[in-house]
Amino acid sequence: MNLTEKPWIWAWLGTVSIWLVIASISGLSAGTEVLTAAASFGTFFVLVAIGQMFVVTLGPGNVDLSIPACMTLASTVAMKVMNGSEAMLIPGFLIVVAIGLTIGAFNFALIILLRIPPIIATLSSSFLYLSTAIWYNRGLRVKPPEALAEFATGKIGVVPLLAIAVLILTVLMHFVLHRTYFGRSILAVGQNAKAAHLAGIPVERTRFLTYVMCAVLAAICGYFLAGFSGGAALNMGEEYLLMSIAVVVIGGTSVAGGFANLPGLWGAALFMFLLVTMLNTLGLSAGYRLILTGAIIVAVIAISGKKR
Amino acid sequence: MSRYLTANTMRTLLPALSLAAILAAIFYLQPRTMSYFGLNLLLNLAVPIALATIAQMFILCVNDLDLSLGAFVSLTACITATWLYDTPVLGVLALAGCVLAYAALGALIHLRNLPSIVVTLGMSFVWVGIAVLILPTPGGKAPEWIRALMTLKPALIPFPIIAVVVIAIVVHFGLMKSAAGVVLRGAGGNPLSVERAGWSLLKVKVTMYAISGFFGVLSGMALVGLTTSADANIAERYTLLSIAGAILGGSEFVGGRVSPIGAVIGAVTLLLTGSFLSFLRLNPDWQIGAQGAILILVLAMRMLINRSDKRS
């Protein structure tokens, strides 16, 4: 198969060209450092984008807008429960997973019981999650246990530990998407839900599992992000709303559903981070940086739009 | 169910009943609000929020969602408080440019078949970026005539009430009762049949986005008239408020089923929810959560109405 026909190729081409610009401005050693940073931050984008990608693949209208609120709530509760104690690392993680499961199930219950579009359901519920997080901790920042911070910021050589872990997860999810019954059900539902139903695929169960998986991944992302950035903060999920969706779309996953790919997520996540870094390197003021970030995202999406 | 109390009338009445309920609760908790002055204070911000909700409703009508509206209203507020005050001609041109930009977005989204959520999320960065360039620190001044208009004190009925009623009626007749409005809404309900009937879907989308941009501009201007100054994030909350308000007011998100009167009522209801919760002395932590809960509650009631509709 021709390489230019791969949906993920554009994200990677963009990443490489932006990195070349950065490296040519600030030199090779700075270029390597930037790449390490991109891997560190990109890891978190990929983690939420995997869940979002599976949701988007379910078909038009399917998108999870509660990801930022889910991250915030899960990490806030976990950090407060652990209270910096390393003995609580595992219970803290289990709490995070439990919160993810609950949120995913609640989101799906709203979608099914109220028969409302997922966008509206997850938007409404995200208000509840955010309020719960505010109420639970009054916006105080609790430090993560030492070991969690060390793991989240740890590196082997220049490669972040967490990036390796998420890379393994990506490979695993690639397998899940293309080789398992569950993954193929998601693709089938996204391509034609009615046909999938007639073919005997449990459509609602597939959707349920997908929303739950998305919320669990978001919760886990919040857990490690809190470890990475020295605690849970109320606005920690803010940029992840745009990022989770943009990374999925730029990565070459079809917005109309039914077609997904995982390599594109990494390409797009690195691209997004490097883009912001490049604009910083160019020494632009905040206003121009924001304008260019937005304009480039829209341009990339517009260019890749019709090809699908 | 009686012939007159059909599911459709129930659906239309639901937003009004929610508003009446919350208003009654506020009057009960704080009887002093039941006066000209009290209502004026209570509904102070109703006009810009109602205008933003109408703007969002036009986007919802063509099955899209605008996640940049808050940033856009902030931008138009910044332009109003700076250029429109200092050099009115430049200000008017800039605001017209904002409307054109929205029309262009509509064309882009239609021609490239793009998801509106992603495009508008990306554009929100652009709007905030321009706003930061125009007004790096909070400031600016409201043009006299806008200030004068927004602080009108008509006899008997407070200005915000008159203003939102006028907005609701104008949009209602424009979109729900006119021939052009039927085509515009039809494009959300069944794009294919509208196209087969010979209408250009591109024109419909561009028109709807342009109208939405126009109301966004009005919202920013009205906001500055009340606050007398602006900053780059002044209307950040309007994105979610406008979506919630439009949904609360009976917009269905798919199928071009919208209601301008409902949208205005929904916006006012959400605004009053804030005051209601503070009169209740409810922990302010739950403010956002309560808005979400109200949204879910109204959606649940609407689902029950729809279900009884199907059964009968």
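Everything numeric in this text was worked out from a predicted model, so none of it was measured. In what follows, chains are A, B, ... by sequence order, proteins preceding strands, each numbered from 1. FYI, side chains are in, hydrogens and waters are out, and symmetry mates aren't considered; it's all heavy atoms of this structure.
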**Asked** In terms of heavy-atom contacts, does CD of Glu238(A) have more than 12 from other residues, nucleotides or ligands at under 6.0 Å?
**Response** no
Under 4.5 Å to a heavy atom of chain B? For Ile296(A) that would be neither
Practice problem: Could you check if a side-chain atom of Trp286(B) sits within less than 4.5 angstrom of a side-chain atom of Thr132(A), using non-hydrogen atoms only? | Solution: yes
In this structure, CD1 of Ile243(B) is separated from CG of Leu65(A) (nearest 0.5 Å) by 8.0 Å
Filtered by a 4.5 Å non-hydrogen cutoff, the part of residues 261-272 of chain A contacting chain B is none
Cut-off 4.5 Å, heavy atoms of chain A, and the answer for Leu108(B) is side chain
Closest non-hydrogen contact found for Ile116(A) with Leu299(B) is CD1-CD1, 3.6 Å
For residues 274-294 of chain A against chain B, heavy atoms under 4.5 Å, the residues are Ser285(A), Gly287(A), Tyr288(A), Leu290(A), Ile291(A), Thr293(A), Gly294(A)
Return yes when atom CD of Glu236(B) has more than 12 non-hydrogen atoms of other residues, nucleotides or ligands closer than 6.0 Å, and no otherwise.
no
Expected contact set for residues 116-127 of chain B against chain A at heavy-atom separation under 4.5 Å reads Ile117(B), Val118(B), Val119(B), Leu121(B), Gly122(B), Met123(B), Phe125(B), Val126(B)
Turns out that what part of Val63(A) lies under 4.5 Å from chain B's heavy atoms comes down to side chain
Honestly, the part of Leu110(A) sitting under 4.5 Å from a heavy atom of chain B is side chain
d(Ile301(A) CD1, Leu114(B) CG) to nearest 0.5 Å is 7.5 Å
Turns out that what part of Leu123(A) lies under 4.5 Å from chain B's heavy atoms comes down to side chain
ring-ring contact (aromatic ring centres under 6.0 Å, His included) pairs touching residues 232-251 of chain A, sequence neighbours excluded, are Phe45(A)-Tyr240(A)
Item checked: Arg115(A) side chain vs Met303(B) backbone, donor-acceptor pair below 3.5 Å -> no
In terms of heavy-atom pairs under 4.5 Å with chain B, the winner among Pro60(A), Ala246(A), Ser126(A), Ser131(A) is Ser131(A)
Looking only at Leu240(B), Leu304(B), Ile134(B), most heavy-atom pairs under 4.5 Å shared with chain A are made by Leu240(B)
Rounded to the nearest 0.5 Å, the CD1 atom of Ile245(A) sits from the CG atom of Leu67(B) at a distance of 7.0 Å
Okay, Leu128(A) and chain B: the region with an atom under 4.5 Å from a heavy atom over there is both
Okay, Ile294(B) and chain A: the region with an atom under 4.5 Å from a heavy atom over there is neither
Bottom line for Leu295(B): the part with an atom under 4.5 Å from chain A's heavy atoms is side chain
